[in-house]
Peer 1: 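One structure follows; several queries about it will come next.
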Amino acid sequence: MEREVRVRFAPSPTGALHIGGVRTALYNYLFARKMGGKMLLRIEDTDQTRFVPGAEEYIQEALRWIGIELDESPWVGGPHTPYRQSERKPLYMQYALQLVESGHAYYAFDTPEELDAMRERLKAAKVASPQYNAITRATMKNSTTLPEDEVKARLASGDPYVIRLKVPRKEEVRLNDMIRGWVMVHSATLDDKVLMKSDGMPTYHLANIVDDHLMGISHVIRGEEWLPSAPIHVLLYKYLGWEDTMPQFAHLPLLLKPDGNGKLSKRDADQHGFPIFPMDWTDPNTGEKAMGFRESGYLPEAVTNFLAFLGWNPGTQQEMFTMAELIEAFSIERIGKSGTKFDINKAKWYNQQYLKAKTDEELTAYMKEALNAHSVSDNGLDLAKICGLLKERVTFPADFWQEGKYFFTEPEQYDEEIVSKKWTAEAVSVIESFQSALAAKGSIQADEAKALLEGILTDKGIKIGKVMQAIRLAITGVGAGPDLMVIIEILGAAKTAERMAKALQTLSSKVIA
RNA sequence: GCUCGGUUCGUCUAGGGGUUAGGACGCGUCCCUUUCACGGACGAAACACGGGUUCGAUUCCCGUACCGAGUACCA
């Protein structure tokens, strides 16, 4: 019988959730939905010194924004409540003790100074990788070296101690990663990881295995940075006697810097001026700010599509995927093995596509927002029509204002470059005629305006291309934009004539001979 | 250093013993056009290197190089 698919996303609330973390969550979600399984979120806050207030709320909001729905979480609850490891603290010790009991773990009393000294000593002795392992533990203060009564006495007297995993000296640890295939590691290269810290909290390694087991996790989909410690986890499943229900592992390739090499970091974002966090974030301790996709004008569906394709592809030519389509198409087999450089251009392209796909009516929301922000009235203009006209030239919602503010505000200045090239005597004479013809009218249709202009042009024997940009400049102040005749229709003949008159006056001294 | 992973156009990638090595982003040229944008057409652009195996290797194997991750009482 097939095991129920249960996956989990297990972030630490140590700051803003990195976009790579969002991708990990997304892959978990896609897999769970595809398989008809469940996805849960667990907060891994076993390091109390790194807790950052607000981080958990940030995670919650980021996932909500991107469209990831959790079946179980600290916020909605679930059959395995609580979902915060700090609240599960009493659970872990018994498993550590079980390991001590069965001889797979031991107490260690070494101070940080002693640990440092050990590592220094090994380094000086040119040992390749200094670690607490089968060999060095014989030289340290722990329950494998100390007399039994001393161990008992230390424990009874409240001496600080940790519990360490007793990694076997010679054993091949293997795991079959769904993305990488068989990975083999010799236990000699692993060290005796701390399982329980001296503050009574478990480390990631123990808490993670215990919770995944208790919560019935079937697949662990996480970043590649966990691959080196995966053998430790395999050992833990084995020693805890949970081998037969050990989840399947899938270690995701990392997100890399866009240029050069290395892991994607906040520094790249600051340097290149693009976001790598889902939403804006201000660190409450340092006051450091980070830019978010959401506030930068990215649509959640664009970010989702973009993220899904960073390391995965459907094997077809299709590029645009809704969440439902991603779920349908997703498979772990099609996740790549190599690191993925982060290219913001692709994200922008996706944003443009999704923005363009919206109806004119939906788009008006962005324009209304801009109008509000600039305290400008819509002058009763047809916003849907304007947005429809503008949508081909927009990448972000804010571009609607940037590209179309002249609909709502009179030009204050005129693009110098266009003036110097196109504000000719010829153009001025056409504008004068056009202006007075328009002034006589109230409203006008685009084709009427066009006919009117063409009549003037024919009379004067002037080609349209020679004067068009100047006319546009007079009306909008800029040299580029959508169909000018439609702009005139939207603005109305009277208003257009008014603007032309003003331009004629303002630029009277700039006419090119 | 050591351990583990990785390596197809600038980037994301498809492919896989015999292909004109395909697509997308970006870039360039042209077309459309009153401009810009959109759209369309076209173009430049890749199998890291060296050995094997093979009639044949980008594809399989081994090395090398390079890149990445891990190497905490952090996750």
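Below, chains carry the letters A, B, ... as their sequence lines are ordered, and counting in each starts from 1. Atoms considered below: every heavy atom in the structure, side chains included; atoms not considered: hydrogens, waters and symmetry mates.
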Peer 1: Take the protein atom CG of A/Leu122 and the nucleotide atom P of B/C2, then report the distance between them rounded to whole Å.
Peer 2: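 Going from CG in A/Leu122 over to P in B/C2 covers 16 Å.
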
Peer 1: Given the P atoms of B/G26 and B/A37, what is the spacing between them in whole Å?
Peer 2: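 Comparing P positions in B/G26 and B/A37 gives a spacing of 13 Å.
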
Peer 1: Want to settle it: does A/Val394 or A/Gly339 sit nearer the 5' end of RNA chain B, counting the closest nucleotide to each?
Peer 2: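 Nearest nucleotide further toward 5': that of A/Gly339.
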
Peer 1: Once ring pair (Phe, Tyr, Trp, His ring centres under 6.0 Å) is applied, what residue pairs with a partner in residues 163-214 of chain A remain, sequence neighbours excluded?
Peer 2: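 Matches after skipping sequence neighbours: A/Tyr204-A/Trp226, A/Tyr204-A/His233, A/His205-A/His233, A/His213-A/Trp242.
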
Peer 1: Using only side-chain N and O atoms of A/Thr316, determine if any of them is under 4.0 Å from OP1 or OP2 of B/G23.
Peer 2: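 No, A/Thr316 has no side-chain N/O under 4.0 Å of OP1/OP2 on B/G23.
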
Peer 1: Please give the distance between the P atoms of B/G51 and B/C73 as a whole number of Å.
Peer 2: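 Looking at atom P only, B/G51 and B/C73 are 47 Å apart.
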
Peer 1: May I have the distance from A/Glu392 (atom CD) to B/C38 (atom P), rounded to whole angstrom?
Peer 2: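 Roughly 9 Å, once rounded to whole Å.
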
Peer 1: Given atom NZ of A/Lys348 and atom P of B/U11, what is their separation to the nearest angstrom?
Peer 2: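 Distance, rounded to whole Å: 18 Å.
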
Peer 1: Between A/Ile163 and A/Tyr106, does a side-chain contact (heavy atoms from CB on, under 4.5 Å) hold up when you go through it step by step?
Peer 2: CA-CA 5 Å; A/Ile163 295 178; A/Tyr106 58 89; over 6 Å; no

Peer 1: Test your reading of the model: is there a side-chain donor-acceptor pair from A/Ser429 to the backbone of A/Glu426, 3.5 Å cut-off?
Peer 2: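 It does hold such a pair.
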
Peer 1: Once salt bridge (Lys or Arg N to Asp or Glu O under 4.0 Å) is applied, what residue pairs with a partner in residues 469-489 of chain A remain, sequence neighbours excluded?
Peer 2: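 Output for this query lists A/Lys385-A/Glu489.
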
Peer 1: Check for a donor-acceptor pair, side chain of A/Gln94 on one end and backbone N or O of A/Leu91 on the other, with a separation under 3.5 Å.
Peer 2: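 Yes, A/Gln94 side chain to A/Leu91 backbone: donor-acceptor pair under 3.5 Å.
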
Peer 1: Taking 4.0 angstrom as the limit, do A/Asp343 and A/Lys341 come out as a salt bridge?
Peer 2: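 Not counted as a salt bridge, because no side-chain N and carboxylate O are separated by less than 4.0 Å.
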
Peer 1: Just the rounded figure in Å: distance from C1' of B/U13 to CD of A/Gln317.
Peer 2: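 Roughly 10 Å, once rounded to whole Å.
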
Peer 1: Quickly work out the A/Trp312 CH2 to B/A14 P distance and round it to whole Å.
Peer 2: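 My rounded result for the distance is 11 Å.
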
Peer 1: Quick one: which residue pairs count as a side-chain hydrogen bond (donor to acceptor under 3.5 Å, both in side chains) with a foot in residues 461-471 of chain A, not counting sequence neighbours?
Peer 2: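 Applying side-chain hydrogen bond (donor to acceptor under 3.5 Å, both in side chains) to every pair that reaches into residues 461-471 of chain A, excluding sequence neighbours, yields nothing.
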
Peer 1: Nearest 0.5 angstrom please: A/Gln445 CD to A/Ile488 CD1, how far?
Peer 2: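 Answer rounded to 0.5 Å: 12.0 Å.
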
Peer 1: Which nucleotides of nucleotides 64-75 of chain B have their base under 4.0 Å from a protein heavy atom (B), which only their sugar-phosphate (S), and which neither (-), written as one string 5' to 3'?
Peer 2: ---SSSS--BBB

Peer 1: Would you mind reporting whether A/Asn208 and A/Leu236 have side-chain heavy atoms less than 4.5 Å apart?
Peer 2: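 Answer no - side chains too far apart.
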
Peer 1: In whole Å, what is the span from the CD1 atom of A/Ile488 to the P atom of B/U35?
Peer 2: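 That distance rounds to 15 Å.
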
Peer 1: Taking A/Thr24 for its side chain and A/Arg222 for its backbone only, find out whether a donor-acceptor pair lies under 3.5 Å.
Peer 2: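 Answer holds: no.
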
Peer 1: Separation of A/Ile475 atom CD1 from B/U35 atom P, in whole Å?
Peer 2: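 Answer to the nearest Å: 16 Å.
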
Peer 1: Where the side chain of A/Asp45 meets the backbone of A/Ser86, is there a donor-acceptor pair that is under 3.5 Å apart?
Peer 2: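 Yes; judged by distance alone, with no hydrogens or angles, the pair exists.
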
Peer 1: Can you measure A/Phe249 atom CZ to B/C4 atom P for me and round it to whole angstrom units?
Peer 2: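 It works out to 18 Å between those atoms.
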
Peer 1: Roughly how many Å apart are B/A57 and B/G50, using the P atom of each and rounding to a whole number?
Peer 2: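 Going atom to atom, P in each nucleotide, I get 13 Å.
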
Peer 1: Just N and O in the side chain of A/Asn313: are any of them under 4.0 Å from OP1 or OP2 of B/U13?
Peer 2: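 Indeed not, no polar side-chain atom of A/Asn313 lies that close.
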
Peer 1: Expressed in whole Å, how much space separates the C1' atoms belonging to B/C32 and B/G39?
Peer 2: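 Approximately 8 Å lies between the C1' atom of B/C32 and that of B/G39.
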
Peer 1: Could you go through nucleotides 25-33 of chain B and list every protein N or O atom that sits under 3.5 Å from one of its N or O atoms, giving the distance for each pair?
Peer 2:
unit_1	atom_1	unit_2	atom_2	d
B/C25	OP1	A/Trp349	NE1	3.4
B/C25	O4'	A/Lys346	NZ	3.4

Peer 1: Counting any heavy atom closer than 4.0 Å, what does A/Gly336 reach on the DNA or RNA strands: base, sugar-phosphate only, or nothing?
Peer 2: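 Here A/Gly336 touches no strand at all.
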
Peer 1: Please list, in numerical order, the residues of residues 16-28 of chain A that have a heavy atom closer than 4.0 Å to any atom of RNA chain B.
Peer 2: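 Contacting residues: none.
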
Peer 1: Considering just the side-chain nitrogens and oxygens of A/Lys337, establish if one lies under 4.0 Å of OP1 or OP2 belonging to B/G6.
Peer 2: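 So the side-chain polar atoms of A/Lys337 never come under 4.0 Å of the phosphate oxygens OP1 or OP2 of B/G6.
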
Peer 1: Taking the ring centre of each residue, are A/Phe274 and A/Phe293 less than 6.0 Å apart?
Peer 2: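 No, the ring centres sit 6.0 Å or more apart.
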
Peer 1: Pick the C1' atom in B/G28 and in B/G70, then give their distance to the nearest Å.
Peer 2: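 My reading of the C1' atoms in B/G28 and B/G70 gives 43 Å.
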
